[in-house]
Enquirer: 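Sharing a structure, written as structure tokens. Questions coming.
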Amino acid sequence: MKPVHVLLAFLLGLCACKRETPSHEEGQAHEQQAETPAHHEGEDENLVHIDAEMLRDLRVTTAPVQQRPGGEGVTALGELGVNENAYAEVAPPIPARVLSLLASPGQQVKKGQPLVELQSPELGKARAALQSAQARATAAQQAAERKRTLGAERIVAQKDVQAAEAEAATAEADLTAARSELLALGAEAQEAAGGRGSAAFILRSPVEGTVIERHALVGQMAEPSRALFHVGDLSRLWLTVHSFERDAVRIQRGSQARVTFAALPGKDFAAKVGFIGQRVDPASRTIPVRLELDNPDGVLRPGMSASAFIPVGEPGALVTTVPAAALQRLEDGWFAFLPKGEGAFERREVGRGRTLGGDVEVLSGLKAGERVVVDGAFLLKAEVEKSRGEGEEHEH
């Protein structure tokens, strides 16, 4: 081969080597580019990020991880009601017309506070009869006293004294009858309203509490059979649930129960068993059980539907629980979502145990006091599945 040809072959081989072998700097750059995605993926694999606009639409609520007795229990449904020991339905004692309303729904009232002013012609007649009887009785008593004085001085005959005393006794009997008639109307203690005459009277609250309902309009006729006001103390309420007889006989009075409401997801309330019914309903074969629970914030309302978990038998050891809606099933197990701020949620795998009413026992993965997402957990799960699907499509 000629020397010129050999030199050209050498130069072509050198250029080819440079193209195939990257420089040291280029190699480091390629390595950093390859490592960077893998680093972020490992760091964020358990975090779910939700943008602020979507987060507003999720309506996320959280609840604390709790500890509670893990003994056997039963779940029963019921409806929240008033505390009947501090509740009254206020109706007029006699037919009457509403003159003015003195209390409104939702208003706090004291015992004895005026609720409504009423007017009854029948009451007016009875009061007038009482006043007339009182005047006659007073006059007859005074006449009898004078006769007795004159009789003692032998100025009048004894038969006149006896006649005056008989008249006084008759007048006193008429007064008693007038009082009894007014008492029968149920309004003897109701005072006449100022300026309205003896036919008007004030209806007052017999208990302290909140005006729950008002069924009165100015000018309408009110009847004793129809309550105008429902007044009760709402700081403590009664929940009546119906338990099957085989379970009710094992419930103990004073036991601590947990109550959840459909209207308040993620929240549970402590309650105490206050009464266990003494009779089985022949149709449903259930026994009513009354639970008593405090309502200091006034968030609970009579009529709300509720689910109660009531322990039976021995209380058992403490177990860790979360609301059932907080645990979501993904392909590789059960998960809970813990808020981390600024639209970030940690996806944490947990060990799922027994269902305890509206709660679920957690065997591992969570500690008491941590907060988990309840409302919105299902949508966070959907977001995880969506991101997984997009990742698989990207790989293919």
Side-chain angles (χ1 to χ4, degrees), residues 29-68 258-270 296-301 304 306-307 319-396:
H30 283 300
E31 288 175 5
Q32 289 176 355
Q33 290 176 358
E35 290 175 0
T36 300
H39 173 73
H40 284 301
E41 184 179 351
E43 185 181 85
D44 296 342
E45 63 180 359
N46 289 326
L47 287 181
V48 182
H49 294 275
I50 306 295
D51 61 59
E53 185 175 348
M54 182 181 293
L55 192 61
R56 285 195 299 268
D57 298 335
L58 282 182
R59 191 176 168 266
V60 171
T61 63
T62 63
V65 180
Q66 296 185 331
Q67 285 194 323
R68 54 185 276 186
R258 306 299 300 180
V259 179
T260 58
F261 296 87
L264 301 169
K267 293 183 179 180
D268 62 352
F269 297 81
D297 299 329
V299 68
L300 301 178
R301 304 285 195 278
M304 280 183 167
S307 173
V319 296
T320 303
T321 64
V322 295
L327 296 191
Q328 297 295 323
R329 178 79 176 181
L330 291 169
E331 292 180 358
D332 42 357
W334 290 95
F335 288 83
F337 295 92
L338 288 75
K340 293 299 179 181
E342 298 183 356
F345 299 87
E346 179 188 350
R347 176 172 58 91
R348 188 183 298 179
E349 186 172 6
V350 300
R352 190 183 193 280
R354 299 168 295 166
T355 298
L356 303 171
D359 295 339
V360 173
E361 179 184 10
V362 175
L363 302 177
S364 62
L366 294 172
K367 297 178 182 178
E370 291 184 300
R371 297 197 73 85
V372 294
V373 175
V374 182
D375 266 7
F378 180 78
L379 295 176
L380 291 175
K381 166 192 169 182
E383 192 67 21
V384 171
E385 293 175 335
K386 177 183 174 183
S387 62
R388 280 185 175 181
E390 290 176 352
E392 291 174 358
E393 289 177 6
H394 182 68
E395 290 176 2
H396 290 301

Enquirer: Looking at every heavy atom in both R352 and L363, which two are closest together, and how far apart are they?
Expert: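 Answer, listing the atom of R352 first, then L363: O-CD1, 3.7 Å.
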Enquirer: Return the CG to CZ distance between L338 and R348, rounded to the nearest 0.5 Å.
Expert: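 Atom-to-atom, L338:CG and R348:CZ are 4.5 Å apart.
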Enquirer: Side-chain contact test, heavy atoms from C-beta onward, threshold under 4.5 Å: evaluate it for L330 versus E385 and give yes or no.
Expert: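 Side chain of L330 against side chain of E385, heavy atoms only: contact under 4.5 Å found.
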Enquirer: Kindly write out the residues that satisfy ring pair (Phe, Tyr, Trp, His ring centres under 6.0 Å) with F335, not counting sequence neighbours, or none if the list is empty.
Expert: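 Residues passing ring pair (Phe, Tyr, Trp, His ring centres under 6.0 Å) with F335: none at all.
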Enquirer: Do the non-hydrogen side-chain atoms of L264 and L300 ever get within less than 4.5 Å of each other?
Expert: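 Yes - at least one pair of side-chain heavy atoms lies under 4.5 Å apart.
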Enquirer: With sequence neighbours left out, what residues match E361 under side chain to side chain donor-acceptor pair (under 3.5 Å)?
Expert: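 With sequence neighbours excluded, E361 shows a side chain to side chain donor-acceptor pair (under 3.5 Å) to R354, given in chain and number order.
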Enquirer: When rounded to the nearest 0.5 angstrom, what is the spacing between OG1 in T320 and NZ in K367?
Expert: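 One gets 11.0 Å once the value is rounded to the nearest 0.5 Å.
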Enquirer: Does F337 reach the side chain of V384, with side-chain heavy atoms less than 4.5 Å apart?
Expert: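 F337 vs V384: side chains touch.
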Enquirer: Go through it in stages, so that I can follow the logic: the residues are R258 and T321, the test is side chain to side chain contact (heavy atoms under 4.5 Å, CB included), and I'd like the CA-CA distance, side-chain angles, deciding distance and then a yes or no.
Expert: CA-CA 12 Å; R258 306 299 300 180; T321 64; over 6 Å; no
Enquirer: Drop me the distance from D268's CG to Q66's CD, to the nearest 0.5 angstrom.
Expert: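 Between atom CG of D268 and atom CD of Q66 there are 4.5 Å.
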Enquirer: Could you give me the CA-CA distance, side-chain angles and deciding distance for L380 and Q328, then say whether side chain to side chain contact (heavy atoms under 4.5 Å, CB included) is met?
Expert: CA-CA 9 Å; L380 291 175; Q328 297 295 323; over 6 Å; no
Enquirer: Excluding sequence neighbours, so at least two apart, what forms side chain to side chain donor-acceptor pair (under 3.5 Å) with K340?
Expert: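 Once residues adjacent in sequence are excluded, the partners of K340 under the side chain to side chain donor-acceptor pair (under 3.5 Å) criterion are E346.
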Enquirer: Which heavy atom in V372 sits nearest to a heavy atom in A326, and how many Å separate them?
Expert: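 So the minimum-distance heavy-atom pair works out to CG2-CB, 3.8 Å.
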Enquirer: For residues 372-383, which residue pairs pass the salt bridge (charged side-chain N to carboxylate O under 4.0 Å, His left out) check, not counting sequence neighbours?
Expert: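 Qualifying pairs, neighbours excluded: R59-D375.
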Enquirer: Could you tell me which non-hydrogen atom of D359 sits nearest to which non-hydrogen atom of P323, and how far apart they are?
Expert: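 Closest approach of D359 to P323, heavy atoms only: OD1-CA, 3.6 Å.
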Enquirer: Quick check for you: to the nearest 0.5 Å, what is the distance between D332 atom CG and E349 atom CD?
Expert: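 Separation between the atoms: 6.0 Å.
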Enquirer: Could you work out, with salt bridge (Lys or Arg N to Asp or Glu O under 4.0 Å) as the rule, every residue matching D297, not counting sequence neighbours?
Expert: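 With neighbours one apart ignored, the set is empty.
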Enquirer: I want to check something: taking the side chain as every heavy atom from C-beta on, are F269 and V299 in contact at a cut-off of under 4.5 Å?
Expert: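 Yes, side chains in contact.
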Enquirer: Between P339 and F345, what is the shortest heavy-atom contact and its length?
Expert: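 Looking at all heavy atoms of both residues, the shortest contact is CA-CD2, 3.7 Å.
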Enquirer: By side chain to side chain donor-acceptor pair (under 3.5 Å), which residues pair with T62, not counting sequence neighbours?
Expert: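 R371.
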Enquirer: Begin from the C-alpha positions of V65 and V362 and carry the test side chain to side chain contact (heavy atoms under 4.5 Å, CB included) through to its verdict.
Expert: CA-CA 9 Å; V65 180; V362 175; 5.7 Å; no
